[in-house]
Amino acid sequence: MTKRLPAEKWHISKKAKMVPFAGYYMPLAYSGIIEEHLAVRERSGFFDISHMGQILVKGIDAAGWLNTMTCNDVFNLNPNKAQYSMFLNENGGVIDDIIVYMISVDEFLIVVNAANLEKDYNWLKSHEKGIVKVIDKSEEFGLIAIAGKKSRDILSRIIPTSNIPNSSFHFKKGVYRDYEIIVSATGYTGEEVTFEIFLPADKTAEFLDTLYSVGSEFFCLPCGIGARDSLRIEASLPLYGNELKEDRTPLESDLKWVVKLKKPSDFIGKNAISKQLNEGYENTIGYFVLSSEGPIPRTSHKVFNSSGEIIGEVTSGTYSPLLEKPIFMAFVNKNYAVPGSQVYVEVRDKNLSALAVEKPFLKLWKKGG
Amino acid sequence: MNLQKYPNDRLYYEQHEWVKQVDEKTVIVGISYHAQDSLGDIVYISEPEVEKEIQKGDEIAEIESVKAVSQIYAPVSGRIVEVNKNAIDNPEIINRDPYEEGWLVKIELTNPSELEELMDANAYRSFVEEG
């Protein structure tokens with residue numbers, strides 16, 4: 001059954017095109033994907049991402065236990081700090097990519113992908129050990145993201161600046177009107193100024209409405225999952241199910257930095273990753289720009305080398321409003337992911353030439369030329 | 001800007017193309033307001049081949065937006081005599097002005113009586129809005 005966002009009516013009142021996504025009806029776009037995308041790059045845009053899952057882990061053993069369940073190092077966290085991390089399986093494959101928020105020494109909030117919530121929850125539950133409680137809080141939370149240069153100015157008009165974090169991957173708890181909020185400096189667009197606001201699910205619509213009216217002075221637009229996808233691809237950020245999979249390790253997904261092999265505690269997947277690091281691996285995610293304008297390479301389109309041999313396939317593709325041409329990520333033989341490599345991608349009946357570039361794509365765009 | 005959704009100076013095909021007669025044997029063809037609206041931001045159109053003979057219902061071009069790819073079908077049979085290069089090079093024109101600046105091909109009809117099989121603006125409006 002398709003779930004409903006708490007603020008579904010608000011989106012419909014703003015003329016959003018609603019589409020099924022990750023088990024929810026989500027706004028695809030309001031004014032148009034490109035216009036919304038550029039609003040974020042040039043000014044600011046906000047998103048209702050209340051579909052995301054929240055799992056609370058608490059108890060005196062929470063930190064130690066979580067460090068065995070995730071590949072980044074929980075002990076690098078302090079209260080009010082957040083960390084990008086992953087749940088891995090024994091083979092080193094990715095169960096989910098997550099953000100871990102350290103609320104206090106014995107309390108952590110984990111944001112997980114909507115489509116993986118049940119899987120993650122069951123997996124954590126089945127591994128519970130020591131004095132630890134795992135609680136699914138997803139129904140209680142609404143989550144709103146705002147990103148782009150003007151976002152701090154806009155938020156400051158709504159909530160006290162003392163409640164807005166100043167550095168990336170930090171968050172602050174506060175009170176807005178009569179309810180608790182968490183403002184976190186995290187996001188999924190590649191923008192430096194970026195916040196995510198956790199709030200009670202039933203307050204999502206009124207907060208969106210406030211952002212809408214305050215934001216309008218800054219030409220800040222409501223944005224749908226269409227722009228969310230094109231923005232994250234332009235920022236070379238992975239999406240679970242596309243770049244990240246249970247049968248693909250973080251090394252193969254070009255996210256080696258997330259795996260802290262040297263952390264003191266063992267964690268699930270560690271042996272497999274160490275082994276892969278020693279023995280090497282064949283394929284990785286690469287970042288490609290189409291050599292000329294053309295159709296968009298999309299998920300599962302085949303990638304070839306100049307001899308016509310298949311070297312991999314597209315994991316995500318979109319039209320880049322900044323570069324004004326198609327860009328894509330592909331899981332390919334490592335040698336072809338090296339920036340400067342030329343590959344060919346088959347889009348229906350056409351063979352298109354593409355160039356491997358450094359991530360993120362948006363660095364290729366120089367303002368003012 | 002032309003915001004008219006169903007201008008009545010032309011005919012419509014069930015695949016959401018419009019057909020406007022320019023003389024007895026020649027028409028111009030484009031996609032309807034509804035077609036561009038459901039596609040969203042159009043970023044690519046494959047270039048139809050000039051001089052190509054086409055049958056009604058043939059695929060004449062591929063059209064792609066940020067979110068999806070779709071086909072443009074020939075609403076009539078004939079020969080493609082001209083392609084709107086400006087629209088091919090700047091596909092966003094089709095979102096902005098699907099009925100005038102955003103026309104796609106000019107077709108010389110082989111069977112002008114096929115025009116009688118197309119919908120007028122009213123019929124097309126009910127076709128779209130009442131599904």
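Letters go in sequence order (proteins before strands), and every chain restarts at 1.
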> Is the distance between the ring centroids of B/F127 and B/H16 under 6.0 Å?
Replying inline: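 When the ring centroids of B/F127 and B/H16 are compared, they turn out to be within the sub-6.0 Å range.
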Answer with side chain, backbone, both or neither: which region of [X] has an atom nearer than 4.5 Å to a non-hydrogen atom of chain A?
X: B/N95; value: neither
X: B/E62; value: side chain
X: B/S65; value: backbone

Identify which of [options] forms the greatest number of heavy-atom pairs closer than 4.5 Å to chain B.
options: A/H37, A/R348, A/K17; value: A/R348
options: A/G317, A/A29, A/G226, A/P295; value: A/P295
options: A/S230, A/G294, A/G32; value: A/G294

> Hey, is the main chain of A/F219 close enough, under 3.5 Å, to the side chain of A/R43 for a donor-acceptor pair?
Replying inline: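 Side chain of A/R43 to backbone of A/F219, a donor-acceptor pair under 3.5 Å: yes, one is there.
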> Does B/Y99 use its side chain to pair, donor to acceptor, with the backbone of B/K5 at less than 3.5 Å?
Replying inline: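 At least one qualifying donor-acceptor pair exists.
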> Measuring heavy-atom distances to chain B, does A/K350 have an atom under 4.5 Å in its side chain, in its backbone, in both, or in neither?
Replying inline: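 Side chain only.
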>> Between B/Y124 and B/Y12, does the ring-ring contact (aromatic ring centres under 6.0 Å, His included) criterion hold? Intermediate values first, please.
In response: CA-CA 6 Å; B/Y124 179 63; B/Y12 299 85; 4.5 Å; yes
> Could A/K15 and A/Y30 be counted as a cation-pi pair, given that NZ or CZ must be under 6.0 Å from the ring centre and within 45° of the axis?
Replying inline: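 Pair A/K15/A/Y30 does not count as cation-pi.
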>> I'd like to know whether CD of A/E358 has more than 12 heavy-atom contacts from other residues, nucleotides or ligands below 6.0 angstrom.
In response: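 Open: at most 12 neighbouring heavy atoms sit under 6.0 Å from CD of A/E358.
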